[in-house]
Amino acid sequence: MKDFTLEYFTMIEQDAVDYAKTRIDFFQEDAVLTCKEIGDGNLNYVFKVVDEKNNKSIIIKQAGPVARISDEFKLSTDRNRIESEILGLQHKLAPGYVPEVYQYDPIMNCCAMEDLSNHEIMRTALLKHEKFPLFPDHISTFLVNTLLLTSDVVVEHKEKKALVKQFINPELCEITEDLVYTEPFYDCPRNEIFEGSMEFVKETIWNDKKLVLESAKLKFEFMNHAQSLLHGDLHTGSIFIKEDSTKVIDPEFAFYGPAGYDIGNLIANLIFAYANGKFTIEDEETRDDYLNYLVTTIKDVVNLFTDKFNKAWDEKATEQVAGYDGFKEYYLDTILRDTAAVAGLELLRRVIGLAKVKDLTTIEDREARIRAEKICLAAGKTFILNRESIKTGADFIHVIQSAELTSLKGA
Ligand code: SR1
Ligand code: MG
């Protein structure tokens with residue numbers, strides 16, 4: 001058996017079994033352990049260790065020195081500390097909405113956490129056209145509690161600055177700065193564009209100087225607005241879900257940034273599910289029903305966030321100026337503006353950039369994929385350019401509907 005106490009190495013399945021036996025106080029003496037590496041994300045290794053005898057299981061998540069998606073990305077393994085610590089904090093702020101972390105190991109850069117195998121990854125479930133009516137209520141509580149309750153509106157300012165320091169995350173932020181805010185806006189060699197979408201990208205994104213300028217402004221806002229402790233990568237692959245439960249996972253991109261980042265990211269990923277459903281569900285009635293469900297979900301996420309944010313502000317704000325007439329409205333307005341902008345950025349970058357989403361890449365019919373990508377690009381562009389006037393759930397839906405019309409026209 002290897003020694004886990006001396007120096008870091010990347011584990012294989014047998015190591016994870018040995019690690020679980022010797023370093024984690026979770027399984028019984030008579031446990032019969034098996035392990036499978038189940039990670040399907042872009043960065044880390046995820047080992048599911050099961051005690052077949054006593055029917056208990058645990059997840060061990062380890063950060064490797066490079067990203068799985070490409071070893072071009074050399075990443076600090078400290079991201080596992082960030083993930084463990086923020087999950088602990090989110091567990092207090094939004095109980096029930098994140099997995100429980102049992103322990104963090106700074107030598108092996110891994111943490112042991114609750115196994116959520118009775119849930120499904122939300123992206124996978126949406127691609128199977130499953131519905132989760134409680135999701136908007138769950139996720140809006142998670143968003144308000146993690147975003148407002150980590151901001152200067154509520155947290156004592158020196159304490160908040162200590163949190164900013166604790167969650168400085170330069171390498172993972174650099175990935176976002178590059179992949180979300182920079183590379184999609186020019187002909188970057190690292191982009192991966194579906195050949196059928198290339199003309200539309202050139203003409204409507206790269207050749208639009210105003211849009212490119214807005215992306216630069218947004219990039220600097222992302223880098224310089226330490227507003228709330230973000231999840232930082234809140235797409236539907238970072239959510240485990242079942243009918244009555246929502247668990248947000250994978251917060252390794254966490255840092256203090258603009259609150260709208262998480263909300264916009266999520267909304268864009270619900271739109272990817274919409275684009276997928278529109279072009280893959282053959283039966284018209286089933287398709288309309290599912291698209292209607294997604295539209296309602298998007299609307300409800302935005303509107304419930306707004307309602308709960310207003311209520312939480314009234315109940316929990318400690319900052320003196322929070323009570324000034326009009327300040328809450330101004331503050332929420334800027335979050336919704338940033339939400340729209342980030343929804344736009346995420347829509348563009350998953351079509352143009354390196355990191356793709358299955359919602360689009362699994363659309364087999366070439367013409368259908370082009371249409372789906374055009375909807376995302378057209379909506380993305382509108383979200384960015386018109387971000388100041390997109391405020392309600394209905395406004396978000398209106399952008400999607402207009403983009404559907406644009407997608408019918410040529411490049
Ligand atoms: C190199 S990492 C690529 C993407 O995967 C993560 O989930 C983030 O979304 C990142 O942008
Ligand atoms: Mg992830």
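Ligands are counted one by one from 1 in listed order, and the atoms in each one are counted from 1 as well. Numbers for residues simply follow the sequence, beginning at 1. Since the structure is predicted, the reported quantities are computational estimates derived from the model, not experimental observations.
Closest protein heavy atom to atom 4 (C) of ligand 1: N42 ND2, 3.4 Å. For atom 7 (O) of ligand 1, the closest heavy atom belonging to the protein is D233 OD2, 2.6 Å. Protein heavy atom closest to atom 11 (O) of ligand 1, with residue, atom name and distance, is R349 NH1, 2.8 Å.
A 4.5 Å side-chain heavy-atom check between W313 and F327 finds at least one atom pair inside the cut-off. Looking only at side-chain heavy atoms (C-beta outward), S245 and H119 come within less than 4.5 Å of each other.
Across F255, F222, F253, a single residue satisfies ring pair (Phe, Tyr, Trp, His ring centres under 6.0 Å) together with Y261, and that is F222. Just one of D208, L345, L213, I352 meets the side-chain contact (heavy atoms from CB on, under 4.5 Å) condition when paired with F185; it is L345.
Atom CG in N118 sits 9.0 Å away from atom CZ in F240 (nearest 0.5 Å).
A heavy-atom separation below 4.0 Å is found between R350 and ligand 1. No heavy atom of T176 sits closer than 4.0 Å to any atom of ligand 1.
Listed by number with element, the atoms of ligand 1 under 4.0 angstrom from any heavy atom of F73 are 1 (C). Those atoms of ligand 1 with a heavy atom of I69 less than 4.0 angstrom away are 1 (C). Taking every heavy atom of H235 and a limit of under 4.0 angstrom, the matching atoms of ligand 1 come to 7 (O). Residue contact check: L179 has heavy atoms under 4.0 Å from atoms 3 (C), 11 (O) of ligand 1. Those atoms of ligand 1 that come under 4.0 Å of a heavy atom in F253, given as number and element, are 6 (C), 8 (C), 10 (C). Applying the 4.0 Å criterion to heavy atoms of L43 picks out, from ligand 1, the atoms 2 (S).
Under the 6.0 Å distance and 45° angle rule, R371 does not count as a cation-pi partner of F279.
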Working for ring-ring contact (aromatic ring centres under 6.0 Å, His included), residues F4 and Y19: CA-CA 7 Å; F4 301 103; Y19 185 89; 5.1 Å; yes
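With hydrogens and angles left out, the side-chain atoms of N145 and T141 include no donor and acceptor closer than 3.5 Å.
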